[in-house]
Amino acid sequence: QIRAERQVLSDEEKKNENLRKQIEVYDRLLLKFEYYTQDADVNAIRVKMVAKFYKEQAKKYKLYASLDRMRRESRWFFDW
């Protein structure tokens, strides 16, 4: 809706104010996206650490069926 206003305004001062508001809104959006990507990166690291622990435990306790399934399924070696 803000963009639609940009096209109908004729006063330069109002156009500039409108553009400034658009930039502020987009800046907040980028900030939220940045937090999301950082959080997703951290969580991916944690998930990989937990998966590695389970792989090590499966090997230690000779759970060969589980190990075989882990080797076949891409989600266990994080090809995503």
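Note that these values count all heavy atoms, side chains included, but never hydrogens, waters or copies made by symmetry. All of these numbers come straight from a predicted model, not from anything done at the bench.
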Could you give the distance from [atom1] ([X]) to [atom2] ([Y]), rounded to the nearest 0.5 Å?
X	Y	atom1	atom2	answer
Phe33	Gln38	CZ	CD	10.5 Å
Leu63	Gln57	CG	CD	9.0 Å
Lys48	Asn43	NZ	CG	12.0 Å
Lys60	Tyr54	NZ	OH	14.0 Å

Is Glu73 atom CD crowded by more than 12 heavy atoms from other residues, nucleotides or ligands, each under 6.0 Å away?
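For Glu73, atom CD is crowded (more than 12 foreign heavy atoms under 6.0 Å).
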
Flag the pair [X] / [Y] as yes when at least one side-chain heavy-atom distance between them is below 4.5 Å, and no otherwise.
X	Y	value
Tyr26	Ile23	no
Ile45	Met49	yes
Lys32	Tyr36	no
Lys55	Trp76	yes
Arg72	Asp68	yes

Any salt bridge between Lys15 and Glu12, counting N to O under 4.0 Å?
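Answer for the salt bridge query: yes.
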
With the threshold set at 4.0 Å, does a side-chain nitrogen-carboxylate oxygen contact exist between Glu17 and Arg20?
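So Glu17 pairs with Arg20 through a salt bridge.
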
Check for me, please, whether Met70 and Phe53 land in the same ILVMFWY cluster - side-chain distances under 4.5 Å, paths through other members count.
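Same cluster.
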
